[in-house]
Amino acid sequence: MTAKIKLGFVPTRRSVFSAPDALKYRDLTAARLTELGIDFVDIKDINPEGLLFSDEDVKKIADKFRKEKVDGIILAHCNFGTEYVCARLAKDLDLPVLLWGPLDERPLPDGTRLRDTQCGLFATGKVLRRFRVKFTYLTNCRLSDPVFERGIRDFMAVCNVVRTFKHIRILQMGPRPFDFWTTMCNEGELLEKFNIQLSPIPLPELIREVKRIRDSNGAKEELEILHDKTVIKISEPKVETVAALARAMKNLIEKYGCNAGAIQCWTALQGELGIMPCAANAILNDMGIPVVCETDIHGAITALLAEAAVMNESRSFFADWTVRHPDNPNGELLQHCGPWPISIAKDKPELTCPIAFDDDGSLSAEAKPGNELTLTRFDGDNGEYSLLLGNAKSVDGPKILGTYMWVEVENIKRLEEKIVSGPYIHHCVGVYKNVVPILYEACKYIGIKADLYDPIEEQVKAYLRGE
């Protein structure tokens, strides 16, 4: 389901420029937002003009926006605008800010200029910096320009990433596997720096819930998914256990108020249940509840951010960077034992035994092709955090067990060095859309470094400024 984002619409003017023209563009902008289907909260009830220019209205607007639970604000400069009240409001709300104004018209025959909007944008940008308010700039353009709609929708996606990041709670099912020192995380630091909360539970709690559901035949929906959407290559009792595990994880994620999960997928689980959790993870991933392997907390955070960047309209996949392509010099294998969403499989996946393990319960399928993939990874160590991100496209390659996709990047040696040098590991998350600019811009608000693995920063900035 597409994420719902609500914006606070703050048209502003300055008294020395044309108030009638400011009112005109206030109404034209509101009409355009309505035409585009944007959910926004207006300030027409704050003063007779519905424009911000007086300091006495700042608190009223802030109170209204908090009550309406807006996710970001648009500072629409309908003439020059009043920079200090815009900055005070933005500072008070602490939300993503879109700074924009409509392109100025030709001066009147007598030389009069009615709005000087561009000049006002320069002023507000400086004062926002003085207030240490992060903001996104949408280029000075006409309401009818395609870049206006693109900029608004991109900003909404940024707001969705920021909102998601501020409300992350992950169900940690068991500690990391002993051998996976790479997936260790600093729980206290994640809480202190970002308010990212973990809800750790021991594996016996999960296993008890699985057995309860399995014994009561309580996973009918999940069992139906497996029978309808996969080719069953394992025994029926194990299929029932996979289904019960999916339902158990969903129940516990809901019980602890979480929006993602990370599971210790081996080896204790196999001794108790006799299955791998990969296909169960796949079921939840298809429901829009990211569940990642090997208790990779940073991986779960990444999956939430990636899906937020695509407005939760499509599913992400959690993958290993594994081996180079045998023929393509810039090719790489993205693969995992079988937790990828069924919906991204090229053909009907098999429910089978994974590579490198003896227990049943994983999916095996090649992912459908994609030419605009985004690959990303949230990670950190030594107190510093960043988001690795860049693009790739799928390419043909040899058949592999598990869920997999061969991809091509611009320069595999550069990417390889970036991952080895860190702070990243062999895990990443992919989505079928180029959302690099969205994630790049969101990093500004969430306080981490955007780390591009290709030298495309100027291209990303050009896109964001409307080129």
Could you go step by step and tell me if Leu252 and Ile201 meet the side-chain contact (heavy atoms from CB on, under 4.5 Å) rule? CA-CA 9 Å; Leu252 291 170; Ile201 63 168; 3.7 Å; yes
Residues that [X] engages under side-chain contact (heavy atoms from CB on, under 4.5 Å), provided they are two or more places apart:
{"X": "Ala248", "value": "Leu206, Glu209, Val210, Ile213"}
{"X": "Glu458", "value": "Lys461, Arg465"}
{"X": "Cys337", "value": "Cys278, Pro354, Phe357"}
{"X": "Ala268", "value": "Leu203, Gln264"}

Ignoring hydrogens and geometry, is there a side-chain-to-backbone donor-acceptor pair from [X] to [Y] under 3.5 Å?
{"X": "Asn79", "Y": "Arg14", "result": "yes"}
{"X": "Asp154", "Y": "Val158", "result": "no"}
{"X": "Asp286", "Y": "Ser343", "result": "yes"}
{"X": "Arg377", "Y": "Tyr424", "result": "no"}
{"X": "Glu332", "Y": "Thr322", "result": "yes"}
{"X": "Thr164", "Y": "Ala308", "result": "no"}
{"X": "Asp145", "Y": "Arg142", "result": "yes"}
{"X": "Thr12", "Y": "Leu52", "result": "yes"}
{"X": "Thr182", "Y": "Ile425", "result": "no"}
{"X": "Thr117", "Y": "Leu103", "result": "no"}

Does NZ or CZ of Arg13 fall inside the cone over Phe53's six-membered ring, less than 6.0 Å from its centre and within 45° of the axis? yes
So, do [X] and [Y] sit near enough that their side-chain heavy atoms are less than 4.5 Å apart?
{"X": "Cys258", "Y": "Ile170", "result": "no"}
{"X": "Phe65", "Y": "Leu95", "result": "no"}
{"X": "Leu305", "Y": "Val429", "result": "no"}
{"X": "Pro423", "Y": "Glu384", "result": "no"}
{"X": "Glu224", "Y": "Lys220", "result": "no"}
{"X": "Asp92", "Y": "Arg66", "result": "yes"}
{"X": "His77", "Y": "Trp100", "result": "no"}
{"X": "Phe318", "Y": "Pro290", "result": "no"}

Any residue meeting salt bridge (Lys or Arg N to Asp or Glu O under 4.0 Å) with [X], in chain and number order, not counting sequence neighbours:
{"X": "Asp39", "result": "none"}
{"X": "Arg26", "result": "Asp42"}
{"X": "Lys229", "result": "none"}
{"X": "Lys368", "result": "none"}

For residues Thr183 and His298, is any side-chain donor paired with an opposing acceptor at under 3.5 Å? no
Intermediate values then yes/no, salt bridge (charged side-chain N to carboxylate O under 4.0 Å, His left out), Asp57 and Lys60: CA-CA 5 Å; Asp57 290 333; Lys60 298 174 189 175; 3.6 Å; yes
Begin with the C-alpha distance, continue with both residues' side-chain angles, and end with the deciding distance and a verdict on side-chain contact (heavy atoms from CB on, under 4.5 Å) for Met173 and Leu171. CA-CA 6 Å; Met173 293 167 278; Leu171 184 69; 3.7 Å; yes
Salt bridge (charged side-chain N to carboxylate O under 4.0 Å, His left out) evaluation trace for Lys134 with Asp94: CA-CA 9 Å; Lys134 304 296 184 185; Asp94 190 27; over 6 Å; no
After noting the C-alpha distance and the side-chain angles of Phe180 and Trp266, does the key distance pass the ring-ring contact (aromatic ring centres under 6.0 Å, His included) rule? CA-CA 11 Å; Phe180 269 63; Trp266 56 280; 5.5 Å; yes
N-O pairing of [X] and [Y] below 4.0 Å:
{"X": "Glu205", "Y": "Lys255", "value": "yes"}
{"X": "Asp296", "Y": "Arg176", "value": "no"}
{"X": "Lys6", "Y": "Glu68", "value": "yes"}
{"X": "Arg163", "Y": "Asp71", "value": "yes"}

Around atom NZ of Lys166, are there more than 12 heavy atoms from other residues, nucleotides or ligands closer than 6.0 Å? yes
If every non-hydrogen atom of Leu363 is compared with every non-hydrogen atom of Ala282, which pair is closest and at what distance? CD1-CB, 3.6 Å
Residue pairs meeting side chain to side chain donor-acceptor pair (under 3.5 Å), one or both in residues 302-313, sequence neighbours left out, come to Thr2-Glu313, Asn160-Asn312, Glu307-Arg315, Glu307-Ser316
Please, which pairs that meet side chain to side chain donor-acceptor pair (under 3.5 Å) have at least one residue in residues 428-443, sequence neighbours excluded? Thr136-Glu441, Asn391-Asn434, Tyr440-Glu457, Glu441-Lys444
Should Gln197 and Leu190 be marked as a side-chain contact (heavy atoms from CB on, under 4.5 Å) after you check the CA-CA gap, both sets of side-chain angles, and the distance that decides it? CA-CA 7 Å; Gln197 302 175 29; Leu190 288 173; over 6 Å; no
Would you please test Val161 and Cys443 for side-chain contact (heavy atoms from CB on, under 4.5 Å) and show each step? CA-CA 9 Å; Val161 175; Cys443 286; over 6 Å; no
Compile the donor-acceptor pairs under 3.5 Å between side chains in residues 414-422 and protein atoms, sequence neighbours left out, one pair per line.
unit_1: Arg414; atom_1: NE; unit_2: Tyr453; atom_2: O; d: 3.3
unit_1: Arg414; atom_1: NH2; unit_2: Glu410; atom_2: OE2; d: 2.8
unit_1: Arg414; atom_1: NH2; unit_2: Asp454; atom_2: OD1; d: 2.8
unit_1: Glu416; atom_1: OE1; unit_2: Arg324; atom_2: NE; d: 3.1
unit_1: Glu416; atom_1: OE1; unit_2: Arg324; atom_2: NH2; d: 3.1
unit_1: Glu416; atom_1: OE2; unit_2: Arg324; atom_2: NH2; d: 3.4
unit_1: Glu417; atom_1: OE2; unit_2: Ser421; atom_2: OG; d: 2.6
unit_1: Lys418; atom_1: NZ; unit_2: Asp451; atom_2: OD1; d: 2.8
unit_1: Ser421; atom_1: OG; unit_2: Glu417; atom_2: O; d: 2.9

Per the side chain to side chain contact (heavy atoms under 4.5 Å, CB included) rule, which among Asn281, Asp320, Ile263 passes with Cys293? Asn281
Which pairs with one or both residues in residues 150-176 pass ring-ring contact (aromatic ring centres under 6.0 Å, His included), sequence neighbours excluded? Phe165-Phe194
Decide yes or no on salt bridge (charged side-chain N to carboxylate O under 4.0 Å, His left out) for Glu222 and Lys250, but give the supporting numbers first. CA-CA 11 Å; Glu222 291 78 6; Lys250 186 172 186 290; over 6 Å; no
